[in-house]
Amino acid sequence: MAIPTIVFQGRKKPRDLSRGFSMVDLRREFENPGSALKTVALRRSRGVYKRDRRPSEPTVVDSRGRMVRAVGMAQTFLSPTQVGELVALYQAGATLVELGKRFSVHRRTVAAHLIRRSVPIRGRGLEESRLAEAVELCAGGLTLMEVGLRFGVSQQAVRQALDAEGVTIRPGGRRAGVSA
């Protein structure tokens, strides 16, 4: 009777099957491939390496130049009249976010159009019309964070506005009379 062998990590060892052992290939179970190998295997299984990367049809070109085949996100181009309207609305008091929603563009795109037209961007600080109310709220015991939440600005914006007004800001830490 021939002695069966068990393949273990590429080596063959004679084993006696009468003791309950069976022939097993353990290489796959104990293999620990790195991330690069996993990436290559995944790409190969998807057929990436079987295809030619060059497109079969020629690139599309029109009077504006070469056109993009696929854009990850739809692009909205504004006409000069739309940009003019955007600038007028911003100068009338609209915010970047409001204009972005109205013209279906990102707020950073709105800012870029304004910068190209040399329009200064307003800061998102505390409005001067609400400054007196913010001073009263702080004097009444509210924290900078609570005042900022009430007006929709950060606590740092409240701090800068109050500091510019010359208001003394309480030191941080626990407030007097607040128990844990």
Side-chain angles (χ1 to χ4, degrees), residues 1-126 144-145 148-149 151-160:
M1 174 172 168
I3 299 175
T5 58
I6 296 177
V7 178
F8 182 78
Q9 300 248 346
R11 299 178 304 216
K12 292 185 178 184
K13 293 183 178 180
R15 284 278 199 210
D16 183 8
L17 288 181
S18 62
R19 289 190 282 174
F21 292 107
S22 63
M23 190 172 202
V24 180
D25 183 6
L26 299 176
R27 281 180 287 178
R28 288 203 188 271
E29 284 76 18
F30 291 109
E31 212 172 68
N32 192 9
S35 61
L37 180 60
K38 287 179 185 177
T39 302
V40 170
L42 183 64
R43 287 180 181 170
R44 186 175 184 286
S45 69
R46 290 182 179 167
V48 170
Y49 299 119
K50 294 177 185 175
R51 290 187 292 238
D52 185 14
R53 290 194 181 263
R54 290 184 177 263
S56 58
E57 68 273 358
T59 58
V60 180
V61 179
D62 68 355
S63 62
R64 296 173 292 181
R66 195 171 140 222
M67 295 176 60
V68 178
R69 279 190 201 289
V71 177
M73 186 175 182
Q75 293 181 348
T76 305
F77 295 99
L78 299 180
S79 67
T81 55
Q82 287 176 314
V83 175
E85 182 184 354
L86 182 140
V87 169
L89 289 170
Y90 183 75
Q91 289 173 336
T95 65
L96 296 177
V97 174
E98 292 168 352
L99 292 172
K101 287 179 183 173
R102 179 174 178 152
F103 290 97
S104 300
V105 295
H106 194 271
R107 63 180 171 76
R108 304 268 315 233
T109 305
V110 172
H113 283 298
L114 294 171
I115 290 168
R116 280 188 219 115
R117 292 279 181 105
S118 301
V119 177
I121 306 294
R122 293 188 302 265
R124 279 206 52 206
L126 189 62
L144 296 176
M145 177 71 80
L149 288 172
F151 294 121
V153 296
S154 68
Q155 84 179 48
Q156 193 61 33
V158 175
R159 178 185 298 280
Q160 289 173 352

_Arg122: side chain to side chain contact (heavy atoms under 4.5 Å, CB included) partners, not counting sequence neighbours_ = Tyr90
Atom pair [atom1]/[atom2] of [X] and [Y] - distance to nearest 0.5 Å:
X: Leu42; Y: Lys38; atom1: CG; atom2: NZ; value: 11.0 Å
X: Gln91; Y: Leu86; atom1: CD; atom2: CG; value: 10.0 Å
X: His106; Y: Lys101; atom1: NE2; atom2: NZ; value: 11.5 Å
X: Arg108; Y: Ile115; atom1: CZ; atom2: CD1; value: 8.5 Å
X: Ile121; Y: Leu114; atom1: CD1; atom2: CG; value: 4.5 Å
X: Leu78; Y: Phe103; atom1: CG; atom2: CZ; value: 7.0 Å

*What residues, two or more places apart in sequence or in another chain, satisfy side chain to side chain donor-acceptor pair (under 3.5 Å) together with Arg116?*
His113
_Side chain to side chain, Thr39 and Arg43, heavy atoms closer than 4.5 Å_ = yes
*What closest approach, in Å, do Val97 and Arg107 show between heavy atoms, and which atom pair accounts for it?*
CG2-CD, 4.0 Å
